[in-house]
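So the structure is just underneath, and the comments pick up after that.
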Amino acid sequence: MSEKNGTGVNEARRGLFGLGLAGAALGGAALLAPAAAQAQTAAKSKLYTIKERGKLIVGTGSTNPPWHFQDAGGNLVGMDIDLARLLAKSLFDDPAKVEFVLQGSDARIPSLVTDKVDIVVQWMTVTPGRAQQVEFTIPYYREGNGLLLLARGGKYKTHGDLKAAGSAVTVGGMQNVFLEEWIHKALPQAKVDAFESPDAAVQALNARRVDAAMLDQSAIRWLMQEAPGRFVDSGYGWMPNSYASAVKPGDPIWLNWVNTVYKEAMCGVDFDSFSASYKKWFGIELAIPKVGFPAEFA
């Protein structure tokens, strides 16, 4: 009886020991699984594909100053172009190692999801609908509508002047179904004149056929940079929207890397470069980030 009991105990012990080894093996696999999965994700990340390729491929435009356009020498320039070159510099220590794929606004999402480009840097407005198709970086600009006025010879100098004039004011803007609604958000009584393009609205302002032109705030700042003393901003902006870059969904390593570059450009090691671009394209002097506790987490 004791022998049988002893055999049973030994067999039981062997069974437990065997389960222990199996359990340990399974436990070890479970512990290793996250690391293995992370390594697999890293191997597939676009960040490492780009590094191996030796250049960054960026989707952008070429006809919308101050964001992306060709200068007098035919060179592609603008705020979006500066950001793309900053990414290339951060990847390869060479801002020239970037290939630009010029595309219309309607191609931004298709070019990403089909891997034609690595990233879109093309004044892309962040919306919940688009965020279901792409992943946005942190925003690098807050756009909005504004009113451009003549600095010399115009009847009105500020938004307050325009509003006080009521229905005596005429505002020009690019024709679309929301034009009157948008203008009346800022000037409820103003008359509205529609034009085929923002340029045509500015020409009408120059000819004094309208009292103000409704444009993107960035366009207003660019025109004021290009023609100092000719134009003035009314001082009122409305209907804000955020501009950000976009990447293909499902690659957190690539998205996190781009966000790191942008964040440190806005408040860290590359602030001088970023602030110089803001000054050049928008005439905006950015305040130097305070040292000490990171204000963005306050």
Side-chain angles (χ1 to χ4, degrees), residues 61-69 78-80 104-106 108 122-130 139-244 278-286:
S62 62
T63 58
N64 298 285
W67 295 101
H68 38 259
F69 65 104
M79 185 68 196
D80 285 337
S105 297
D106 58 346
R108 290 177 296 193
Q122 190 177 357
W123 70 343
M124 194 168 182
T125 300
V126 177
T127 69
R130 288 174 177 169
Y140 53 80
Y141 189 82
R142 183 71 26 81
E143 187 63 277
N145 289 345
L147 295 165
L148 184 71
L149 304 172
L150 289 176
R152 297 187 298 268
K155 296 179 185 177
Y156 311 103
K157 301 301 180 187
T158 68
H159 173 256
D161 294 342
L162 293 166
K163 196 167 185 178
S167 60
V169 168
T170 301
V171 179
M174 187 176 75
Q175 174 65 58
N176 68 67
V177 294
F178 302 109
L179 181 62
E180 287 199 25
E181 177 187 340
W182 292 353
I183 289 174
H184 287 156
K185 282 179 182 290
L187 298 169
Q189 296 177 297
K191 297 183 182 73
V192 175
D193 201 349
F195 297 89
E196 67 274 13
S197 68
D199 286 348
V202 174
Q203 290 171 14
L205 176 64
N206 278 324
R208 295 172 175 77
R209 289 163 47 204
V210 297
D211 300 301
M214 186 187 75
L215 304 171
D216 288 345
Q217 282 282 356
S218 60
I220 289 174
R221 292 180 174 125
W222 169 246
L223 288 169
M224 291 170 63
Q225 287 283 97
E226 285 292 281
R230 182 168 187 80
F231 300 110
V232 64
D233 184 357
S234 76
Y236 182 73
W238 72 104
M239 293 181 64
N241 57 96
S242 299
Y243 285 170
Y278 254 64
K279 174 64 175 176
K280 181 177 182 178
W281 303 119
F282 311 124
I284 297 175
E285 292 272 7
L286 296 180

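We're numbering straight along the sequence, starting at 1.
- Lys157 places a side-chain N or O within 3.5 Å of a backbone atom of Ala151 that can act as its donor or acceptor partner.
- Residues Asp211 and Ala168 come closest through the heavy atom pair OD2-O, 3.7 Å.
- Taking the side chain to side chain contact (heavy atoms under 4.5 Å, CB included) definition, one finds that Asp216 meets it with Trp123, Glu143, Asn145, Ser218, Ala219, Tyr243, sequence neighbours left out.
- For the atom pair CG (Leu205) and CZ (Arg230), the distance works out to 8.0 Å, reported to the nearest 0.5 Å.
- Side-chain contact between Asp161 and Val169: absent, with no pair of heavy atoms (C-beta onward) separated by less than 4.5 Å.
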Hey, mind stepping through Phe231 and Trp222 against ring pair (Phe, Tyr, Trp, His ring centres under 6.0 Å) and telling me if it holds? CA-CA 10 Å; Phe231 300 110; Trp222 169 246; over 10 Å; no
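- The structure places OG of Ser234 at 6.5 Å from CD1 of Ile220, a figure rounded to the nearest 0.5 Å.
- Scanning all heavy atoms of the two residues, the minimum distance from Pro198 to Leu215 falls at CB-CD2, 3.8 Å.
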Starting from the C-alpha separation in whole Å, work towards a yes-or-no answer on side chain to side chain contact (heavy atoms under 4.5 Å, CB included) for Lys279 and Glu285. CA-CA 6 Å; Lys279 174 64 175 176; Glu285 292 272 7; 3.3 Å; yes
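- Between His159 and Leu187 there is a side-chain heavy-atom pair separated by less than 4.5 Å.
- The two residues Ser105 and Gln122 have their closest heavy-atom pair at N-NE2, 4.0 Å.
- For the residue pair Asp80 and Tyr141, no side-chain donor N or O sits within less than 3.5 Å of a side-chain acceptor on the partner.
- In this structure, Leu148 CG and Met214 CE are separated by 12.0 Å, a value rounded to the nearest 0.5 Å.
- Between Lys163 and Tyr156 there is no side-chain heavy-atom pair separated by less than 4.5 Å.
- Here the side chains of Gln225 and Phe282 are not in contact, with every heavy-atom distance at 4.5 Å or above.
- Looking at heavy atoms from C-beta onward, Ser62 lies out of side-chain contact with His68 at the 4.5 angstrom threshold.
- From Met174, atom CE reaches atom CD of Glu196 across 10.5 Å, with rounding to the nearest 0.5 Å.
- Between Arg221 and Ile284, some side-chain heavy-atom pair lies under the 4.5 Å cut-off.
- Note on ring orientation: taking the six-membered ring where Trp is involved, the planes of Tyr236 and Trp238 are parallel (angle under 30°, cut-offs 30° and 60°).
- Nearest heavy-atom pair across Gly172 and Ala201 is C-CB, 4.1 Å.
- Taking Arg208 as the reference, nothing meets the side chain to side chain donor-acceptor pair (under 3.5 Å) condition, with sequence neighbours excluded.
- There is a side-chain donor-acceptor pair under 3.5 Å between Thr125 and Asn241.
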From CA spacing to verdict: side chain to side chain contact (heavy atoms under 4.5 Å, CB included), Leu149, Leu162: CA-CA 10 Å; Leu149 304 172; Leu162 293 166; 3.8 Å; yes
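- The line from CG of Asn206 to CG of Leu150 is 6.0 Å long, rounded to the nearest 0.5 Å.
- In this structure, the separation between NZ on Lys191 and NE2 on His184 is 10.0 Å, given to the nearest 0.5 Å.
- Between the side chain of Arg152 and the backbone N or O of Gly229, at least one donor-acceptor pair lies under 3.5 Å.
- Annotation for Ala244 and Pro139: closest pair CB-CA, 4.0 Å, computed over non-hydrogen atoms.
- Side-chain contact between Asn176 and Trp182 is present, with at least one heavy-atom pair separated by less than 4.5 Å.
- Between Asp233 and Gln217 there is a side-chain heavy-atom pair separated by less than 4.5 Å.
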